[in-house]
Amino acid sequence: NAGVTQTPKFQVLKTGQSMTLQCAQDMNHNSMYWYRQDPGMGLRLIYYSASEGTTDKGEVPNGYNVSRLNKREFSLRLESAAPSQTSVYFCASSIPGTGEETQYFGPGTRLLVL
Amino acid sequence: QKEVEQDPGPLSVPEGAIVSLNCTYSNSAFQYFMWYRQYSRKGPELLMYTYSSGNKEDGRFTAQVDKSSKYISLFIRDSQPSDSATYLCAMSEGYGNNRLAFGKGNQVVVIP
């Protein structure tokens, strides 16, 4: 089992460029999440998907869009990147309601917007 | 007031010492409590998981939850240089709502 995988590992963008961050999990989890992690701010939820076909906004959704492509894959899109979106992005997955109320994280994507 | 408070100040300890970390929270509906460990430039990995109040021990690690005081702790005994990492507390309400509320994390450095 690879767990949660993310691509790319690192990306540099210019202001205004767009890109999609990819996430896949092979644990048959229903729920998937996108976070950003910034120094002094901790992990902040951008979007989540409770199940295939549904997505909901988290704490900091502005400037982002998501697609739950199927049960395995959840992508995060920056349509017009801004320097404020420089961050480390983590994808996570979980199975809620099973008594195992925790999340498993991918290795992260480091994004630098110039 | 943030839902979860964790003093983010770095902590340096000598090898073999006991490391004590804690978080406080305001949401009395939280039922599930976790500690994640995050090494530099890596994703968070689940370290300890506790349901409701009580203690849980796993090797050198002990997690404590006091729901009456809304306070959770993590103790690391006989700390090793390999324990040097950032430790994040997290908690959720459960019952199908497992959106996690995170603390900001504590950076721990164990000095050989």
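To find a chain, count down the sequence lines: A is the first, B the second, and so on, and within it residues start at 1.
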Honestly curious: do A:Y47 and A:Y35 fall in one hydrophobic cluster under the side-chain, below-4.5 Å linking rule?
no

Is there a side-chain contact (heavy atoms from CB on, under 4.5 Å) between B:L100 and A:Y48 once you walk through the steps?
CA-CA 11 Å; B:L100 293 182; A:Y48 69 101; over 6 Å; no

Should B:L11 and B:I76 be regarded as members of a common hydrophobic cluster, given that ILVMFWY residues are connected when their side-chain heavy atoms come within less than 4.5 Å of each other, either directly or indirectly?
yes

Flag if over 12 foreign heavy atoms under 6.0 Å of CE, A:M41
no

Look at the side-chain heavy atoms of Ile, Leu, Val, Met, Phe, Trp and Tyr, link any pair under 4.5 Å apart, and say whether B:W35 and B:F61 land in one connected group.
yes

Chain B heavy atoms under 4.5 Å from A:Q6: which part of the residue, side chain, backbone, both or neither?
neither

Close side-chain approach of A:Q37 and B:T86, heavy atoms under 4.5 Å
no

For a quick test of reading the model, state the closest non-hydrogen atom pair linking A:F105 to B:P44 and the distance between them.
CB-O, 3.4 Å

Within one Ile-Leu-Val-Met-Phe-Trp-Tyr cluster: A:L76 and A:F90, side-chain cutoff 4.5 Å:
no

A:Y33 reachable from A:Y64 in the ILVMFWY side-chain graph, under 4.5 Å edges
no

Spell out, as yes or no, whether a donor-acceptor pair under 3.5 Å connects the side chain of B:Y36 to the backbone of A:Q103.
yes

Just verifying a value: how many Å separate A:R44 CZ and B:K104 NZ, rounded to the nearest 0.5 Å?
9.5 Å

Separation between CG (A:L43) and CD (B:Q38), nearest 0.5 Å, reads 6.5 Å

